[in-house]
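Residue numbers run from 1 in the order of the sequence given. Since this is a predicted model, take the numbers as computed values, not measurements.
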Amino acid sequence: MKYKYLSAVEAASYIENDMNVGFSGFTPAGCPKAIAPELAKMAIEEHKAGRPFKIGVFTGASTGDSIDGVLTRADAIKFRAPYITNNDFRKAVNEGKIAYEDIHLSEMAQEIRYGVMGNIDVAIVEACRVTDDGKIYLTAAGGIVPTICRLSKMIIIELNAYHGENLIGMHDNYELLDPPHRREIPVYAPSDRIGELFVTVDPKKIVGIVETNLPDEARVFTQPDPVTDRIGQYVSDFLADELKKGTVPSSFLPIQSGVGNIANALLGALGRNPNIPPFRMYTEVLQDTVMNLMREGRIIFGSTCSLTLTNNCLQEMYKDIDFFRDKIIIRQSEISNNPGIVRRLGVITINTAIEVDIYGNVNSTHISGTKMMNGIGGSGDFTRNAYISIFTCPSVAKDGKISSIVPMVTHHDHSEHSVDIVVTEQGVADLRGKSPKQRAELIINNCAHPSYKELLRDYQKISNQQCHIPHCLEKTFAMHTAFARQGDMHLTDFSL
């Protein structure tokens with residue numbers, strides 16, 4: 001190739017204080033892993049010399065420790081969007097050390113194009129092949145690569161031999177036009193292809209290539225436990241019943257499922273349920289369970305933004321790549337998470353809540369309304385436009401000292417207008433066609449932990465019933481206050 005080969009140290013030297021850097025990837029999948037650690041070392045040395053060094057970090061979603069972690073510990077991030085999972089970064093955000101904007105993942109690329117986040121100075125992209133005429137073949141994720149590459153002043157490629165060229169042919173790269181020129185997106189089934197197998201850039205912008213051989217930093221999720229198994233079974237049984245009633249078409253509908261232990265458990269339950277036909281996914285991440293269900297013929301196709309697989313699972317997939325190649329499409333986040341496509345396809349969405357209030361409002365981002373957990377991710381993109389929107393969570397946390405069902409959520413991510421179904425290990429609350437008072441009864445009776453049911457009913461008794469949504473504003477957050485002061489929501493006093 002005609003491009004200059006660089007060491008990671010040399011590549012990092014192109015980046016200066018106050019620059020904005022766009023990274024490929026979506027979750028740790030597809031993220032560059034060699035250059036950011038060298039940036040962190042540069043930042044530490046600059047700080048020791050009394051000089052400032054911080055950059056803006058723009059990604060498709062979360063990254064691995066080799067971006068968010070190392071740069072946080074080096075105090076090298078001035079601003080970050082749109083989603084995180086790293087513990088060190090989370091702590092820094094909650095301590096006010098990093099400016100962080102939590103936005104819908106489908107909006108990230110267009111917000112950059114609209115110019116509200118400033119210019120992209122450098123794009124750092126992990127690839128499995130680069131051609132002399134500027135074709136970049138990505139690895140395990142789509143993210144926001146077409147946008148950051150087109151808008152950046154320069155591009156640095158991490159050519160990662162760990163992936164080889166296995167994923168060539170599985171990507172579908174397509175960048176939207178901005179209003180008023182935007183056209184309809186011609187995706188009418190999860191398997192529809194609309195773009196290119198590669199991202200095309202001006203070759204003159206590629207300042208160099210760093211050769212690597214580094215695995216993704218995917219998290220290993222715990223095995224299903226009795227709580228997650230029960231949640232998964234409740235979701236599976238609910239959807240099987242919807243099929244039986246005819247509420248869901250007999251051919252079934254595409255599934256979106258978030259990332260994590262509950263998501264793995266419920267997809268496994270769907271796969272095992274003989275009353276649910278083989279199904280397709282239109283989602284933002286595919287996890288290990290999906291690969292197993294594809295082999296079993298239970299999942300027919302998966303449209304995604306990221307292969308969020310453990311490295312063992314990814315390597316097993318590569319060994320069987322001819323089987324998987326025509327069963328998976330990897331898209332950009334503004335396509336995988338596009339609200340219009342979700343509504344058109346009739347996607348059944350399944351996401352995780354931190355807490356749910358008795359009227360069906362969901363907090364999925366902030367602990368006690370103040371401390372950022374990870375971010376809204378794609379849950380809002382999918383929930384608001386779902387055929388059926390489902391939220392799941394265990395009914396209690398912290399050994400039962402916190403109830404996930406509360407009088408009012410402390411942070412409001414998804415309103416009762418968008419939430420159809422709530423599921424905990426206690427049961428299912430179908431909120432469709434129900435008034436607020438009816439929703440409250442269903443959620444308390446079916447989803448709250450038995451040790452909190454009477455406490456929640458006590459709140460209902462002191463609430464003003466002469467209104468559409470009964471509340472007692474003096475005691476709305478009494479359960480949270482009891483935990484903050486005494487360490488246990490059971491100690492809540494609802495007396496006036």
Side-chain angles (χ1 to χ4, degrees), residues 3-25 28 30-102 108 111-112 115-127 143-145 148-149 151-160 205-212 214 217 372 375:
Y3 305 112
K4 183 179 180 180
Y5 282 85
L6 306 170
S7 68
V9 173
E10 291 170 328
S13 70
Y14 282 87
I15 298 167
E16 300 174 0
N17 176 55
D18 207 38
M19 279 186 169
N20 288 330
V21 182
F23 292 89
S24 67
C31 289
K33 294 170 266 292
I35 298 172
E38 298 303 327
L39 276 175
K41 293 175 185 176
M42 281 175 49
I44 291 169
E45 291 304 312
E46 289 295 287
H47 296 161
K48 286 180 180 178
R51 294 186 292 267
F53 191 95
K54 288 190 178 186
I55 62 171
V57 175
F58 302 91
T59 65
S62 61
T63 70
D65 189 70
S66 61
I67 297 178
D68 280 337
V70 297
L71 293 176
T72 297
R73 292 189 291 273
D75 192 24
I77 302 177
K78 64 175 180 178
F79 177 83
R80 171 82 167 88
Y83 184 78
I84 54 97
T85 55
N86 182 269
N87 288 332
D88 291 325
F89 184 93
R90 183 186 299 115
K91 181 180 178 182
V93 166
N94 288 323
E95 291 176 350
K97 295 178 180 178
I98 295 176
Y100 168 58
E101 184 180 14
D102 177 26
M108 185 61 187
E111 290 294 285
I112 293 173
V116 299
M117 295 186 178
N119 297 324
I120 299 295
D121 297 293
V122 183
I124 303 177
V125 178
E126 183 179 85
I144 56 174
V145 175
I148 61 172
C149 283
L151 296 181
S152 66
K153 299 180 180 69
M154 53 184 164
I155 300 168
I156 303 172
I157 305 295
E158 287 194 12
L159 193 62
N160 192 348
K205 293 207 297 186
I206 300 178
V207 298
I209 292 176
V210 177
E211 292 184 296
T212 68
L214 298 170
E217 298 169 319
M372 170 58 66

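- Judged by distance alone, the side chain of Thr59 and the main-chain N or O of Phe23 form no donor-acceptor pair under 3.5 Å.
- Annotation: side-chain contact (heavy atoms from CB on, under 4.5 Å) contacts of Lys91 (sequence neighbours excluded): Glu95.
- Under the side-chain hydrogen bond (donor to acceptor under 3.5 Å, both in side chains) criterion, Asn17 pairs with no residue, sequence neighbours left out.
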Task: Ile55/Leu71 under side-chain contact (heavy atoms from CB on, under 4.5 Å): CA gap, chis, key distance, verdict - done: CA-CA 9 Å; Ile55 62 171; Leu71 293 176; 4.3 Å; yes
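- Note that OH of Tyr3 and CD1 of Ile206 are 4.0 Å apart. Values are rounded to the nearest 0.5 Å.
- The ring-ring contact (aromatic ring centres under 6.0 Å, His included) with Tyr100 is formed by just one residue from the set Phe79, Phe89, Tyr83; it is Phe89.
- Taking Asn87 as the reference, Arg90 meet the side-chain contact (heavy atoms from CB on, under 4.5 Å) condition, with sequence neighbours excluded.
- In this structure, Glu158 contributes its side chain and Ile35 its backbone to a donor-acceptor pair below 3.5 Å.
- Listed here is the closest heavy atom pair of Gly30 and Ser24: O-OG, 2.8 Å.
- With contacts defined as side-chain heavy-atom distances shorter than 4.5 Å, the pair Phe53/Leu39 qualifies.
- Here the shortest heavy-atom pairing between Arg80 and Ala61 reads NH2-O, 3.2 Å.
- Annotation for Ala74 and Ala43: closest pair O-CB, 4.1 Å, computed over non-hydrogen atoms.
- Annotation: the span from Ile144 atom CD1 to Ile112 atom CD1 amounts to 4.0 Å, rounded to 0.5 Å.
- Inter-residue side-chain proximity for Asp68 and Thr85 is flagged as unmet; no heavy-atom pair is nearer than 4.5 Å.
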TODO: In sequence, state the C-alpha distance, the side-chain angles, and the governing distance for Ile84 and Val93, and then conclude on side-chain contact (heavy atoms from CB on, under 4.5 Å).
DONE: CA-CA 10 Å; Ile84 54 97; Val93 166; 5.7 Å; no
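- For Leu214, the side-chain contact (heavy atoms from CB on, under 4.5 Å) criterion is met by Lys33, Ala34, Asn160, Thr212, not counting sequence neighbours.
- Separating the CD atom in Glu211 from the CG atom in Leu159 is a distance of 6.0 Å, to the nearest 0.5 Å.
- Under 3.5 Å, the side chains of Asn119 and Asn20 contain no donor-acceptor pair of N or O atoms.
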- [ ] Start with the C-alpha gap between Ile124 and Ile15, add the side-chain angles, then the distance that decides, and say whether side-chain contact (heavy atoms from CB on, under 4.5 Å) holds.
- [x] CA-CA 11 Å; Ile124 303 177; Ile15 298 167; 3.7 Å; yes
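- Of the inter-residue distances, the one linking Thr72 atom OG1 with Ile98 atom CD1 reads 4.0 Å to the nearest 0.5 angstrom.
- The two residues Ala36 and Ser66 have their closest heavy-atom pair at CB-O, 3.1 Å.
- Here Glu38 contributes atom CD and Ser13 contributes atom OG; the two are 10.5 Å apart, rounded to the nearest 0.5 Å.
- Atom-to-atom distance recorded for Glu101:CD and Met117:CE is 4.5 Å, nearest 0.5 angstrom.
- The side-chain heavy atoms of Ser152 and Lys205, taken from C-beta on, include a pair separated by under 4.5 Å.
- Here the closest non-hydrogen pair linking Phe58 and Ile120 is CD1-CD1, 3.8 Å.
- Side-chain contact between Val57 and Thr63 is absent, with no heavy-atom pair separated by less than 4.5 Å.
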Open item on the list: Determine whether Asp65 and Asn86 satisfy the following criterion, side-chain contact (heavy atoms from CB on, under 4.5 Å), listing intermediate values before the conclusion.
Closed with: CA-CA 7 Å; Asp65 189 70; Asn86 182 269; 3.2 Å; yes
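- Here the closest heavy-atom approach between residue Pro32 and residue Glu126 is recorded as N-CB, 4.0 Å.
- Pairs of residues two or more places apart, or lying in two chains, that qualify as salt bridge (charged side-chain N to carboxylate O under 4.0 Å, His left out) and include a residue from residues 46-61 are Glu45-Lys48, Glu46-Arg51, Lys54-Asp75.
- Remark: Ser7 engages Val9, Glu10 in a side-chain contact (heavy atoms from CB on, under 4.5 Å) (not counting sequence neighbours).
- Side-chain contact check for Cys149 versus Val145: some heavy-atom pair is nearer than 4.5 Å.
- Between Val122 and Tyr14, the closest side-chain pair of non-hydrogen atoms is not below 4.5 Å.
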